[in-house]
Student: 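Structure below; questions to follow.
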Number of protein chains: 2
Amino acid sequence: MQLTQFTDLSLRLLIYLARLPEPGLATIAEIADYHQISRNHLVKVANSLANEGFIMTTRGKGGGIQLARPAYAIGLGEVVRRTEQNMNLVECFDIPNNHCRLIRNCFLKATLYEAQRAFMSVLDKYTLADAASVGGNNGIFDKHAEIPIDSNKLLVVE
Amino acid sequence: MQLTQFTDLSLRLLIYLARLPEPGLATIAEIADYHQISRNHLVKVANSLANEGFIMTTRGKGGGIQLARPAYAIGLGEVVRRTEQNMNLVECFDIPNNHCRLIRNCFLKATLYEAQRAFMSVLDKYTLADAASVGGNNGIFDKHAEIPIDSNKLLVVE
DNA sequence: AATAAGATGCATTTAAGATGAATCTTTTAA
DNA sequence: TTAAAAGATTCATCTTAAATGCATCTTATT
(Lines give C-alpha, C1' and ligand atoms only; values in the text may rest on other atoms or scores of the structure.)
Protein backbone atom coordinates (compact mmCIF):
# COMPACT_ATOMS: atom_id res chain seq x y z
CA MET A 1 0.00 0.00 0.00
CA GLN A 2 1.98 2.88 -1.33
CA LEU A 3 1.60 6.04 -3.30
CA THR A 4 4.10 6.53 -6.07
CA GLN A 5 7.09 8.78 -5.59
CA PHE A 6 5.58 10.75 -8.43
CA THR A 7 2.62 11.66 -6.24
CA ASP A 8 4.87 12.29 -3.28
CA LEU A 9 6.97 14.69 -5.33
CA SER A 10 3.88 16.37 -6.71
CA LEU A 11 2.78 17.19 -3.20
CA ARG A 12 6.21 18.32 -2.13
CA LEU A 13 6.51 20.58 -5.13
CA LEU A 14 3.15 22.16 -4.40
CA ILE A 15 4.07 22.68 -0.77
CA TYR A 16 7.29 24.34 -1.84
CA LEU A 17 5.41 26.74 -4.06
CA ALA A 18 2.75 27.41 -1.45
CA ARG A 19 5.38 28.42 1.08
CA LEU A 20 7.06 30.95 -1.18
CA PRO A 21 6.47 34.64 -0.63
CA GLU A 22 4.76 36.58 -3.43
CA PRO A 23 4.75 36.15 -6.35
CA GLY A 24 5.44 32.50 -5.55
CA LEU A 25 7.64 31.79 -8.50
CA ALA A 26 10.36 29.15 -8.48
CA THR A 27 12.28 27.18 -11.05
CA ILE A 28 12.09 23.43 -11.28
CA ALA A 29 15.85 23.27 -10.91
CA GLU A 30 15.67 25.16 -7.64
CA ILE A 31 13.13 22.73 -6.21
CA ALA A 32 15.05 19.72 -7.49
CA ASP A 33 18.13 21.06 -5.77
CA TYR A 34 16.24 21.69 -2.57
CA HIS A 35 14.93 18.14 -2.45
CA GLN A 36 18.07 16.67 -3.99
CA ILE A 37 16.16 14.76 -6.60
CA SER A 38 16.44 14.26 -10.33
CA ARG A 39 15.55 17.39 -12.29
CA ASN A 40 14.29 15.23 -15.11
CA HIS A 41 11.85 13.56 -12.87
CA LEU A 42 10.65 16.78 -11.36
CA VAL A 43 10.20 18.28 -14.80
CA LYS A 44 7.69 15.55 -15.51
CA VAL A 45 6.00 16.08 -12.20
CA ALA A 46 5.71 19.79 -12.94
CA ASN A 47 4.36 19.03 -16.36
CA SER A 48 1.70 16.80 -14.99
CA LEU A 49 0.70 19.39 -12.39
CA ALA A 50 0.50 22.03 -15.10
CA ASN A 51 -1.67 19.81 -17.28
CA GLU A 52 -3.98 19.20 -14.36
CA GLY A 53 -4.29 22.91 -13.74
CA PHE A 54 -2.58 23.07 -10.38
CA ILE A 55 0.36 25.19 -11.46
CA MET A 56 1.19 27.70 -14.19
CA THR A 57 4.46 27.63 -16.03
CA THR A 58 6.38 30.46 -17.59
CA ARG A 59 9.09 29.67 -20.07
CA GLY A 60 12.17 31.64 -20.80
CA LYS A 61 14.50 33.69 -18.73
CA GLY A 62 12.96 34.79 -15.46
CA GLY A 63 10.33 32.11 -15.85
CA GLY A 64 9.43 29.28 -13.58
CA ILE A 65 6.39 27.69 -12.04
CA GLN A 66 3.80 28.96 -9.59
CA LEU A 67 0.46 27.92 -8.21
CA ALA A 68 -2.41 28.40 -10.62
CA ARG A 69 -4.86 28.89 -7.75
CA PRO A 70 -4.49 29.97 -4.15
CA ALA A 71 -3.28 27.17 -1.90
CA TYR A 72 -6.57 27.12 0.04
CA ALA A 73 -8.34 26.28 -3.22
CA ILE A 74 -6.25 23.20 -3.95
CA GLY A 75 -7.61 20.11 -2.23
CA LEU A 76 -5.17 17.40 -1.27
CA GLY A 77 -7.57 14.69 -2.37
CA GLU A 78 -7.88 16.33 -5.75
CA VAL A 79 -4.12 16.34 -6.18
CA VAL A 80 -3.77 12.68 -5.25
CA ARG A 81 -6.67 11.58 -7.41
CA ARG A 82 -5.30 13.35 -10.46
CA THR A 83 -1.69 12.41 -9.92
CA GLU A 84 -1.71 8.83 -8.75
CA GLN A 85 -2.00 6.78 -11.90
CA ASN A 86 -3.43 3.59 -10.59
CA MET A 87 -6.16 3.82 -7.99
CA ASN A 88 -7.23 0.20 -8.46
CA LEU A 89 -6.68 -1.15 -4.99
CA VAL A 90 -7.15 -4.72 -6.20
CA GLU A 91 -7.60 -6.43 -9.52
CA CYS A 92 -11.39 -6.36 -9.44
CA PHE A 93 -11.48 -2.55 -9.26
CA ASP A 94 -10.27 -2.59 -12.84
CA ILE A 95 -13.36 -4.09 -14.39
CA PRO A 96 -12.11 -4.67 -17.94
CA ASN A 97 -9.10 -6.57 -16.68
CA ASN A 98 -10.67 -8.35 -13.76
CA HIS A 99 -10.31 -12.08 -13.52
CA CYS A 100 -11.57 -12.70 -10.02
CA ARG A 101 -14.51 -15.08 -9.98
CA LEU A 102 -15.95 -13.50 -6.87
CA ILE A 103 -16.79 -10.30 -8.67
CA ARG A 104 -20.54 -10.69 -8.75
CA ASN A 105 -21.18 -10.79 -5.06
CA CYS A 106 -18.12 -9.62 -3.34
CA PHE A 107 -18.61 -8.00 -0.01
CA LEU A 108 -14.87 -7.56 0.12
CA LYS A 109 -14.88 -5.31 -2.90
CA ALA A 110 -17.53 -3.14 -1.34
CA THR A 111 -15.51 -2.98 1.84
CA LEU A 112 -12.34 -2.01 0.03
CA TYR A 113 -14.23 0.69 -1.81
CA GLU A 114 -15.53 1.97 1.48
CA ALA A 115 -12.02 1.99 2.91
CA GLN A 116 -10.64 3.82 -0.08
CA ARG A 117 -13.39 6.39 0.14
CA ALA A 118 -12.60 6.87 3.82
CA PHE A 119 -8.98 7.43 2.87
CA MET A 120 -9.81 10.00 0.25
CA SER A 121 -12.33 11.71 2.50
CA VAL A 122 -9.59 12.55 4.94
CA LEU A 123 -7.49 14.07 2.19
CA ASP A 124 -10.53 15.97 0.97
CA LYS A 125 -10.80 17.66 4.35
CA TYR A 126 -7.52 19.44 3.81
CA THR A 127 -6.07 21.84 1.29
CA LEU A 128 -2.61 22.72 0.18
CA ALA A 129 -2.80 25.69 2.52
CA ASP A 130 -3.06 23.24 5.43
CA ALA A 131 -0.26 21.09 4.07
CA ALA A 132 1.98 24.10 3.63
CA SER A 133 1.12 25.65 6.96
CA VAL A 134 3.88 25.88 9.45
CA GLY A 135 2.12 26.52 12.72
CA GLY A 136 -1.00 25.23 14.34
CA ASN A 137 -0.66 21.61 13.34
CA ASN A 138 1.56 20.50 16.11
CA GLY A 139 -1.26 18.79 17.91
CA ILE A 140 -1.94 16.59 14.97
CA PHE A 141 1.62 16.03 14.10
CA ASP A 142 2.88 15.30 17.56
CA LYS A 143 1.09 11.99 17.72
CA HIS A 144 3.32 10.70 15.01
CA ALA A 145 6.41 12.78 15.36
CA GLU A 146 9.49 10.68 15.59
CA ILE A 147 11.69 13.74 15.81
CA PRO A 148 10.92 16.52 18.27
CA ILE A 149 9.60 19.54 16.45
CA ASP A 150 12.13 22.31 16.23
CA SER A 151 10.42 25.59 15.62
CA ASN A 152 13.54 27.04 14.09
CA LYS A 153 13.33 24.54 11.29
CA LEU A 154 9.69 25.01 10.49
CA LEU A 155 10.22 26.82 7.24
CA VAL A 156 10.93 24.83 4.14
CA VAL A 157 12.60 27.68 2.38
CA GLU A 158 15.63 28.55 4.38
CA MET B 1 -2.45 3.19 -4.66
CA GLN B 2 -2.72 -0.54 -4.80
CA LEU B 3 -2.60 -3.58 -2.62
CA THR B 4 -0.41 -6.38 -3.91
CA GLN B 5 -1.93 -9.33 -5.66
CA PHE B 6 -0.46 -11.30 -2.80
CA THR B 7 -2.82 -9.59 -0.39
CA ASP B 8 -5.70 -9.92 -2.82
CA LEU B 9 -5.09 -13.65 -3.10
CA SER B 10 -4.73 -13.99 0.65
CA LEU B 11 -8.19 -12.56 1.08
CA ARG B 12 -9.65 -14.66 -1.69
CA LEU B 13 -8.18 -17.79 -0.23
CA LEU B 14 -9.62 -17.01 3.18
CA ILE B 15 -13.02 -16.30 1.68
CA TYR B 16 -12.88 -19.60 -0.14
CA LEU B 17 -12.17 -21.45 3.08
CA ALA B 18 -14.78 -19.53 5.01
CA ARG B 19 -17.46 -20.50 2.53
CA LEU B 20 -16.74 -24.20 2.73
CA PRO B 21 -19.06 -26.49 4.68
CA GLU B 22 -17.59 -28.28 7.69
CA PRO B 23 -14.85 -29.23 8.23
CA GLY B 24 -13.73 -26.48 5.86
CA LEU B 25 -10.79 -28.28 4.39
CA ALA B 26 -9.49 -27.62 0.89
CA THR B 27 -6.27 -28.17 -0.97
CA ILE B 28 -4.21 -25.34 -2.34
CA ALA B 29 -4.42 -26.92 -5.78
CA GLU B 30 -8.19 -26.85 -5.63
CA ILE B 31 -8.25 -23.15 -4.81
CA ALA B 32 -5.64 -22.35 -7.43
CA ASP B 33 -7.77 -24.15 -9.99
CA TYR B 34 -10.86 -22.33 -8.87
CA HIS B 35 -9.23 -18.94 -9.27
CA GLN B 36 -7.16 -20.03 -12.25
CA ILE B 37 -3.96 -18.76 -10.74
CA SER B 38 -0.46 -20.12 -10.27
CA ARG B 39 -0.29 -22.90 -7.71
CA ASN B 40 3.22 -21.84 -6.82
CA HIS B 41 2.07 -18.42 -5.96
CA LEU B 42 -0.86 -19.62 -3.93
CA VAL B 43 1.39 -22.01 -2.03
CA LYS B 44 3.33 -19.00 -0.85
CA VAL B 45 0.19 -17.17 0.05
CA ALA B 46 -1.02 -20.15 2.06
CA ASN B 47 2.32 -20.37 3.76
CA SER B 48 2.23 -16.78 4.80
CA LEU B 49 -1.32 -17.14 6.11
CA ALA B 50 -0.27 -20.19 8.09
CA ASN B 51 2.70 -18.38 9.57
CA GLU B 52 0.45 -15.51 10.58
CA GLY B 53 -1.91 -17.90 12.27
CA PHE B 54 -4.91 -17.43 10.01
CA ILE B 55 -4.99 -20.97 8.65
CA MET B 56 -3.86 -24.43 9.68
CA THR B 57 -2.22 -26.78 7.25
CA THR B 58 -2.26 -30.55 7.19
CA ARG B 59 0.30 -32.35 5.12
CA GLY B 60 -0.03 -35.68 3.45
CA LYS B 61 -2.83 -37.49 1.76
CA GLY B 62 -6.21 -36.19 2.77
CA GLY B 63 -4.58 -33.01 4.03
CA GLY B 64 -5.15 -29.46 3.05
CA ILE B 65 -5.71 -26.09 4.62
CA GLN B 66 -8.47 -24.70 6.81
CA LEU B 67 -9.18 -21.68 8.92
CA ALA B 68 -7.34 -21.66 12.21
CA ARG B 69 -10.09 -19.59 13.83
CA PRO B 70 -13.75 -19.05 13.06
CA ALA B 71 -14.31 -16.56 10.28
CA TYR B 72 -15.97 -14.07 12.61
CA ALA B 73 -12.76 -13.95 14.61
CA ILE B 74 -10.57 -12.95 11.67
CA GLY B 75 -10.55 -9.22 11.10
CA LEU B 76 -10.02 -7.96 7.58
CA GLY B 77 -7.75 -5.19 8.78
CA GLU B 78 -5.62 -7.71 10.60
CA VAL B 79 -5.22 -9.77 7.44
CA VAL B 80 -4.22 -6.78 5.34
CA ARG B 81 -1.82 -5.44 7.93
CA ARG B 82 -0.04 -8.76 8.26
CA THR B 83 -0.03 -9.61 4.59
CA GLU B 84 0.74 -6.39 2.79
CA GLN B 85 4.49 -6.05 2.92
CA ASN B 86 4.93 -2.35 2.52
CA MET B 87 2.56 -0.07 4.33
CA ASN B 88 4.76 2.98 3.83
CA LEU B 89 2.43 5.23 1.90
CA VAL B 90 5.22 7.62 1.08
CA GLU B 91 8.96 7.74 1.56
CA CYS B 92 8.84 9.58 4.85
CA PHE B 93 6.80 6.83 6.53
CA ASP B 94 9.95 4.75 6.35
CA ILE B 95 12.00 6.76 8.77
CA PRO B 96 15.40 5.05 8.33
CA ASN B 97 15.25 5.54 4.57
CA ASN B 98 13.60 8.90 4.45
CA HIS B 99 15.22 11.66 2.49
CA CYS B 100 12.48 14.24 2.44
CA ARG B 101 13.60 17.51 3.97
CA LEU B 102 10.10 18.36 5.11
CA ILE B 103 10.09 15.59 7.66
CA ARG B 104 10.29 17.70 10.77
CA ASN B 105 7.16 19.69 10.35
CA CYS B 106 5.11 18.01 7.76
CA PHE B 107 1.40 18.46 8.08
CA LEU B 108 1.10 16.32 4.99
CA LYS B 109 2.60 13.33 6.71
CA ALA B 110 0.17 13.67 9.56
CA THR B 111 -2.67 13.90 7.07
CA LEU B 112 -1.56 10.84 5.19
CA TYR B 113 -1.31 8.94 8.45
CA GLU B 114 -4.80 10.02 9.32
CA ALA B 115 -6.03 8.89 5.91
CA GLN B 116 -4.35 5.54 6.25
CA ARG B 117 -5.83 5.06 9.69
CA ALA B 118 -9.26 5.86 8.28
CA PHE B 119 -8.68 3.24 5.61
CA MET B 120 -7.68 0.59 8.09
CA SER B 121 -10.51 1.52 10.45
CA VAL B 122 -13.03 0.56 7.82
CA LEU B 123 -11.39 -2.80 7.33
CA ASP B 124 -11.28 -3.26 11.08
CA LYS B 125 -15.06 -2.96 11.19
CA TYR B 126 -15.45 -6.17 9.24
CA THR B 127 -14.45 -9.77 9.62
CA LEU B 128 -13.91 -12.63 7.27
CA ALA B 129 -17.42 -13.78 8.11
CA ASP B 130 -18.72 -10.56 6.58
CA ALA B 131 -16.47 -10.88 3.56
CA ALA B 132 -17.56 -14.46 3.01
CA SER B 133 -21.23 -13.79 3.59
CA VAL B 134 -23.46 -14.30 0.67
CA GLY B 135 -26.66 -12.60 1.68
CA GLY B 136 -27.46 -9.38 3.42
CA ASN B 137 -24.78 -7.24 1.88
CA ASN B 138 -26.62 -6.33 -1.25
CA GLY B 139 -27.43 -2.91 0.01
CA ILE B 140 -23.79 -2.15 0.46
CA PHE B 141 -22.69 -3.83 -2.66
CA ASP B 142 -25.34 -2.41 -4.94
CA LYS B 143 -23.83 1.03 -4.79
CA HIS B 144 -20.80 -0.22 -6.60
CA ALA B 145 -22.11 -3.16 -8.51
CA GLU B 146 -21.23 -2.96 -12.15
CA ILE B 147 -22.89 -6.29 -12.81
CA PRO B 148 -26.41 -7.01 -11.59
CA ILE B 149 -26.33 -9.44 -8.74
CA ASP B 150 -27.42 -12.88 -9.75
CA SER B 151 -28.54 -14.82 -6.74
CA ASN B 152 -27.85 -18.10 -8.49
CA LYS B 153 -24.18 -17.25 -8.60
CA LEU B 154 -23.80 -16.19 -5.03
CA LEU B 155 -21.90 -19.21 -3.88
CA VAL B 156 -18.23 -19.43 -4.50
CA VAL B 157 -18.14 -23.16 -4.28
CA GLU B 158 -20.25 -24.44 -7.08
C1' DA C 1 22.10 36.13 -30.90
C1' DA C 2 22.62 34.10 -26.56
C1' DT C 3 20.79 32.37 -22.62
C1' DA C 4 17.42 30.68 -19.48
C1' DA C 5 13.66 28.42 -18.77
C1' DG C 6 10.04 24.70 -19.57
C1' DA C 7 8.24 20.65 -23.06
C1' DT C 8 8.67 16.38 -25.17
C1' DG C 9 10.06 11.93 -26.68
C1' DC C 10 12.92 8.03 -26.35
C1' DA C 11 15.86 4.89 -24.11
C1' DT C 12 17.55 2.70 -20.06
C1' DT C 13 17.67 1.22 -15.39
C1' DT C 14 15.78 -0.50 -11.17
C1' DA C 15 13.24 -2.98 -7.93
C1' DA C 16 9.21 -5.11 -6.40
C1' DG C 17 6.29 -8.44 -7.33
C1' DA C 18 4.91 -12.43 -9.70
C1' DT C 19 5.94 -16.88 -11.63
C1' DG C 20 8.16 -21.24 -12.39
C1' DA C 21 10.84 -25.34 -11.34
C1' DA C 22 13.03 -28.52 -8.46
C1' DT C 23 13.49 -30.71 -4.30
C1' DC C 24 12.38 -31.73 0.53
C1' DT C 25 9.25 -33.20 4.34
C1' DT C 26 5.18 -35.12 6.33
C1' DT C 27 1.26 -38.12 6.40
C1' DT C 28 -1.88 -41.58 4.93
C1' DA C 29 -3.19 -45.80 2.94
C1' DA C 30 -2.50 -49.87 0.30
C1' DT D 1 7.32 -50.40 3.74
C1' DT D 2 6.45 -48.28 -0.19
C1' DA D 3 3.75 -45.18 -3.10
C1' DA D 4 1.14 -41.28 -3.48
C1' DA D 5 -0.71 -37.01 -1.86
C1' DA D 6 -0.19 -33.06 0.22
C1' DG D 7 2.31 -28.87 2.04
C1' DA D 8 7.37 -26.45 2.74
C1' DT D 9 11.35 -24.44 1.03
C1' DT D 10 14.74 -22.64 -1.94
C1' DC D 11 16.50 -20.67 -5.98
C1' DA D 12 16.08 -18.78 -10.41
C1' DT D 13 13.71 -16.16 -13.80
C1' DC D 14 10.36 -13.15 -15.73
C1' DT D 15 7.55 -9.02 -15.96
C1' DT D 16 6.24 -4.55 -15.37
C1' DA D 17 5.56 -0.16 -13.38
C1' DA D 18 8.12 3.36 -11.89
C1' DA D 19 12.09 5.99 -11.91
C1' DT D 20 15.94 8.03 -14.26
C1' DG D 21 18.75 9.94 -17.85
C1' DC D 22 19.68 12.06 -22.27
C1' DA D 23 18.88 14.65 -26.28
C1' DT D 24 16.36 17.87 -28.57
C1' DC D 25 12.72 21.24 -29.18
C1' DT D 26 10.12 25.45 -28.01
C1' DT D 27 9.42 29.82 -25.85
C1' DA D 28 10.72 34.06 -23.81
C1' DT D 29 13.87 37.56 -22.24
C1' DT D 30 17.81 40.48 -22.60
Side-chain angles (χ1 to χ4, degrees), chain A residues 1-10 12-13 17 23 25-33 35-52 54-68 83-91 94 97 99-100, chain B residues 1-10 12-13 16-17 23 25-33 35-68 83-91 94 97 99-100:
Chain A
M1 187 186 187
Q2 294 166 268
L3 299 177
T4 61
Q5 191 178 328
F6 194 89
T7 299
D8 192 6
L9 294 183
S10 294
R12 290 195 215 168
L13 185 152
L17 292 180
L25 191 75
T27 67
I28 294 174
E30 170 189 340
I31 304 175
D33 282 354
H35 277 296
Q36 304 195 51
I37 53 179
S38 153
R39 292 184 189 198
N40 281 292
H41 201 191
L42 201 58
V43 162
K44 278 152 207 172
V45 167
N47 240 265
S48 139
L49 289 170
N51 290 333
E52 298 295 342
F54 295 117
I55 64 175
M56 294 185 313
T57 66
T58 315
R59 289 177 168 190
K61 199 166 190 172
I65 58 181
Q66 56 197 315
L67 296 182
T83 304
E84 187 73 9
Q85 281 121 302
N86 191 344
M87 291 293 280
N88 295 318
L89 259 194
V90 286
E91 188 187 14
D94 180 22
N97 296 314
H99 294 103
C100 180
Chain B
M1 186 187 189
Q2 293 165 266
L3 298 178
T4 61
Q5 191 177 328
F6 193 89
T7 299
D8 192 7
L9 293 183
S10 295
R12 290 194 213 169
L13 186 152
Y16 189 98
L17 293 180
L25 191 75
T27 66
I28 295 175
E30 169 189 341
I31 304 176
D33 282 352
H35 276 298
Q36 304 195 50
I37 53 178
S38 153
R39 292 185 187 197
N40 280 294
H41 201 190
L42 201 58
V43 162
K44 279 153 207 170
V45 167
N47 240 266
S48 140
L49 288 171
N51 290 333
E52 297 296 342
F54 295 117
I55 64 175
M56 295 183 315
T57 65
T58 315
R59 288 177 170 190
K61 200 167 190 171
I65 58 180
Q66 56 198 315
L67 296 182
T83 305
E84 187 72 9
Q85 282 122 303
N86 190 343
M87 290 293 281
N88 296 317
L89 259 194
V90 287
E91 188 188 13
D94 180 23
N97 296 315
H99 295 102
C100 181

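Any value given below was found using the heavy atoms of this structure, including those in side chains, with hydrogens, waters and symmetry copies removed.
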Student: In whole Å, what is the span from the CG atom of B:N97 to the P atom of C:dA16?
Tutor: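 Atom CG in B:N97 sits about 10 Å away from atom P in C:dA16.
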
Student: In Å and rounded to the nearest 0.5 Å, what is the CG to OG1 distance from B:D33 to B:T27?
Tutor: 7.5 Å

Student: How long is the straight-line distance from CG of B:L89 back to CE of A:M1, given to the nearest 0.5 Å?
Tutor: 5.0 Å

Student: Taking the minimum atom-to-atom distance to the side chain of B:K44, which one of D:dA8, C:dG17, C:dG20 wins?
Tutor: C:dG20

Student: Quick one: B:N88 CG to C:dA15 P, roughly how many Å, whole number?
Tutor: 17 Å

Student: To the nearest 0.5 Å, how far apart are CD in B:Q36 and NE2 in A:H99?
Tutor: 9.0 Å

Student: Would you say A:I65 and A:I31 make side-chain contact, with heavy atoms under 4.5 Å?
Tutor: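 Sidechains of A:I31 and A:I65: in contact.
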
Student: Return the value, rounded to whole Å, for the distance between atom CG of B:L49 and atom C1' of D:dA8.
Tutor: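 Whole-Å distance recorded here is 15 Å.
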
Student: Please state how far atom CD in B:Q66 lies from atom P in D:dG7, giving the value in whole angstrom units.
Tutor: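 That distance rounds to 11 Å.
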
Student: To the nearest angstrom, how far is B:I55 atom CD1 from D:dA6 atom C1'?
Tutor: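 Whole-Å distance recorded here is 13 Å.
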
Student: B:R59 has a side chain; which of C:dG6, C:dT8, D:dA6 sits nearest to it?
Tutor: D:dA6

Student: Could you measure the distance from the CG atom of A:D8 to the OG1 atom of A:T83? Nearest 0.5 Å is fine.
Tutor: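 If we round to the nearest 0.5 Å, A:D8:CG and A:T83:OG1 are 11.0 Å apart.
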
Student: Can you tell me how far the OG1 atom of B:T57 sits from the CD atom of B:Q66, to the nearest 0.5 Å?
Tutor: 9.0 Å

Student: Write down the distance between CE (A:M1) and P (D:dA17), rounded to a whole number of angstrom.
Tutor: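 Rounded to whole Å, this separation is 20 Å.
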
Student: Using whole Å, report how far CZ of B:R39 lies from C1' of D:dA5.
Tutor: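 Taking CZ of B:R39 and C1' of D:dA5, I get 12 Å after rounding.
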
Student: Whether B:T58 contacts D:dG7 is assessed here as follows: a side-chain N or O lying under 4.0 Å from the phosphate OP1 or OP2. Is that the case?
Tutor: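 So the side-chain polar atoms of B:T58 never come under 4.0 Å of the phosphate oxygens OP1 or OP2 of D:dG7.
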
Student: Mapping B:L3 and B:N40 onto DNA chain C by nearest heavy atom, which one lands closer to the 5' end?
Tutor: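 It is B:L3 whose nearest nucleotide is closer to the 5' end.
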
Student: By nearest atom, which of the nucleotides C:dA4, C:dA7, D:dA19 is closest to the A:T4 side chain?
Tutor: D:dA19

Student: If a pair satisfies salt bridge (Lys or Arg N to Asp or Glu O under 4.0 Å) and one of its residues is in residues 56-68 of chain B, list it, with sequence neighbours excluded.
Tutor: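 Residue pairs passing salt bridge (Lys or Arg N to Asp or Glu O under 4.0 Å), neighbours aside: none found.
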
Student: Whether the side chain of B:S48 engages the backbone of B:K44 through a donor-acceptor N/O pair (distance < 3.5 Å, no angle test) should be reported.
Tutor: no

Student: The side chain of A:H41 lies closest to which of these nucleotides: D:dT9, D:dA19, C:dT8?
Tutor: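 Selected nucleotide: D:dA19.
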
Student: Using five base pairs at each end to define the local axes, how bent is the helix from C:dA1-D:dT30 to C:dA30-D:dT1, to the nearest 10°?
Tutor: 0°

Student: Tell me: CG of B:D33 to C1' of D:dA6, nearest whole Å?
Tutor: 14 Å

Student: Just compare D:dA6, C:dG17, C:dG6 and give me whichever is closest to any side-chain atom of B:T27.
Tutor: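 Side chain of B:T27 sits closest to D:dA6.
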
Student: For the side chain of A:I65, counting heavy atoms from C-beta on, which of C:dG6, D:dA18, D:dA8 is nearest?
Tutor: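 When the side chain of A:I65 is considered, C:dG6 is the closest of C:dG6, D:dA18, D:dA8.
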
Student: Judged by each residue's nearest nucleotide on DNA chain C, which is more toward the 5′ side, B:S38 or A:V43?
Tutor: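 Residue closer to the 5' terminus by nearest nucleotide: A:V43.
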
Student: Please determine if a side-chain N or O atom of B:Q5 lies less than 4.0 Å away from the OP1 or OP2 oxygen of C:dT19.
Tutor: yes

